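Submitted below is the structure of interest, expressed as structure tokens.
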Protein chains: 2
Amino acid sequence: MARAVQQRTLKTRARLTDAARQIIAEYGYEGLRIEEVVKRAGVAKGTFFAHFHDKDALMDILIGAEIDSYLDRIEVCSPPRTIDDLLDALLPLLEFMSCERYVFDVILRHSGAAACDAIGPIAETFARHDAVVAEWLADGPFRNDVSPDLLAQGIQAFSVQSIALNFCAINNTVPLRTRLSEYLTAWLLPDSQSAAAHSAARA
Amino acid sequence: MARAVQQRTLKTRARLTDAARQIIAEYGYEGLRIEEVVKRAGVAKGTFFAHFHDKDALMDILIGAEIDSYLDRIEVCSPPRTIDDLLDALLPLLEFMSCERYVFDVILRHSGAAACDAIGPIAETFARHDAVVAEWLADGPFRNDVSPDLLAQGIQAFSVQSIALNFCAINNTVPLRTRLSEYLTAWLLPDSQSAAAHSAARA
DNA sequence: ATTAATAATTGACCGGGGTCATTTTTTAAG
DNA sequence: CTTAAAAAATGACCCCGGTCAATTATTAAT
């Protein structure tokens, strides 16, 4: 029969994640060293790897939790009626995702291209993001010739693309919001766009 | 005055990249170790880092060259008239990009989110991809309410998204081509879409 | 040729992630 | 209690990317 989880286990795990969060607050995600984590937690190095498969797994958990807290705030918004509303809702999350290059890399690695057998925390947040956005888009003022879920997936694709381009020195003259706005208008309002473009061409 | 590049330099560099290509042929990109590269090239470890900034820079060059060879073939295609034509042209490249998780990770790191100060080989290929596809889409049978370049960028975003999702065990029941086809139909043919693609995807 | 300046190479060394045989602690059974 | 099995923790060790002061090779000028 399987034994219950020991109190000790939970305590050690908590000490490790607490230490990690503390280090991140001081040095950023990029600056985290496992040796420093175990030192502050007062355990041996091997103990860390008994609790987390590797460094990435810890990052997955910590960054996933952070993304979740942004999604909590996004979830309670009323469905956006315009692209600008949508951007207002999503941008805080996207800014966190691009707070550090390392963070964005970790997110990319875990978002869909998850090496792990089971789905991890960050991958979960992507699914949740899809669900929240798809809910918004059902019966909204945007195109409805394709499923809301497909639209939500497209929003994710364009969000990631926008962040990636903005990390590049050559492309980051355009603010994230502006770039994403252009993508989302073309994606969510293909009709109104042509009208706008046409009238612009006429003028 | 700046001195000319020594013959020795070119020779050493060639020996290093040759060794690297050989190792990749045997063990894959993931299996490449710098120690093995320098051993086969018959030079010291430090020499490698005098020629390449780091391991990623070598990968950037090798993978970038590979992508370029796919683009060479893509470039000579006649502009696609249908989504299927487009997929036929692009899929070989996308399959290379997803041949190894590690390769896809390297590509993502270098595509736009380039840490490097200057633009690297892989980032160049992304720009080239954009240019080729934008050229195709100008005056094509697809939507023309937005610029061809924006359409090309969207194709890239959806390509990356499709590959990422396909690496995830949970999502890879849908073939890459099928998934991308759905995205591209919605992106490039927002009008015709409504009835056709939706019922097709369900079937 | 000699020499001074520059370029290329070397390999011992370091940092930090990850492993694993061994030891210590906890738990359940007699 | 005692004890045997399971769980948790330990830290010396390995792997491998990356560094750098010292050495060797090349070039240009006299």
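Chain letters run A, B, ... following the sequence lines, proteins first and then strands; every chain starts at 1. Predicted model only: the values in this text are computed from it and were never measured.
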| task | Report the distance from atom CG of B/Leu58 to atom P of D/dC16, rounded to the nearest whole Å. | result | 16 Å
| task | Look at A/Asp72 together with A/Arg128 and state whether they make a salt bridge at an N to O cut-off of under 4.0 Å. | result |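 A salt bridge links A/Asp72 with A/Arg128.
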| Taking for each residue the nucleotide of DNA chain C bearing the nearest heavy atom, is the 5' side occupied by A/Phe48 or by B/Val5? | B/Val5
| message | Does the structure place the NZ or CZ of B/Arg143 under 6.0 Å from the centre of the six-membered ring of B/Trp187, at an angle of no more than 45° from the ring's axis? | response | yes
| query | Between C/dA8 atom P and B/Phe52 atom CZ, what is the distance in whole Å? | reply | 14 Å
| query | Side-chain N or O of A/His53 less than 4.0 angstrom from OP1 or OP2 on C/dG18? | reply | no
| query | Is a salt bridge present between A/Asp84 and A/Arg177, judged by a nitrogen-to-oxygen distance below 4.0 Å? | reply |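 So A/Asp84 pairs with A/Arg177 through a salt bridge.
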| request: Using atom CZ of A/Arg15 as one end and atom C1' of D/dT10 as the other, report the distance to the nearest whole Å. | output: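 For the pair A/Arg15 CZ and D/dT10 C1', the rounded distance is 14 Å.
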| task | Specify the separation, in whole Å, of atom NE2 of B/His51 and atom P of D/dG18. | result |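 Interatomic distance, NE2 of B/His51 to P of D/dG18: 16 Å.
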| Looking at D/dG17, does its base get a donor-acceptor pair with the side chain of B/Lys45 below 3.5 Å? | yes
| task | Examine B/Arg179 relative to B/Phe158 and say whether NZ or CZ is less than 6.0 Å from the centre of the six-membered ring and inside a 45° cone about the ring axis. | result |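 Ring-cation test returns no.
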| task | Would you mind checking if A/Arg73 and A/Asp68 are paired as a salt bridge, meaning a charged N to carboxylate O distance below 4.0 Å? | result | no
| query | Base, sugar-phosphate, or nothing for A/Leu32, non-hydrogen atoms under 4.0 angstrom? | reply |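 Sugar-phosphate contact only - A/Leu32 comes under 4.0 Å of backbone atoms but never of a base.
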| Looking at C/dT9, D/dG18, D/dT26, which one has an atom nearest to any side-chain atom of B/Phe49? | D/dG18
| Rounded to whole angstrom units, what separation is found between the CD atom of B/Glu35 and the P atom of D/dC16? | 7 Å
| query | Contact class for B/Thr47 (heavy atom, under 4.0 Å): base, sugar-phosphate, or nothing? | reply | base
| Whole-Å distance separating the NZ atom of A/Lys55 from the C1' atom of D/dG17 | 14 Å
| task | Would you mind telling me which residue lines up with the more 5' stretch of DNA chain C, B/Val43 or A/Arg8, judged by nearest nucleotide? | result |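 The 5'-side residue here is B/Val43.
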| query | To the side chain of A/Ala44, which of D/dG11, D/dG17, C/dT10 is closest? | reply |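 Selected nucleotide (nearest to the side chain): D/dG11.
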| remark: note: A/Leu16, atom CG; C/dG17, atom C1'; distance rounded to Å ~ 15 Å
| Rounded to whole angstroms, how far apart are CD on A/Gln7 and P on C/dT27? |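 These atoms are roughly 9 Å apart.
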| field | Any B/Thr12 side-chain nitrogen or oxygen under 4.0 Å from OP1 or OP2 of C/dT9 | value |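 It does, given that an N or O in the side chain of B/Thr12 lies less than 4.0 Å from OP1 or OP2 of C/dT9.
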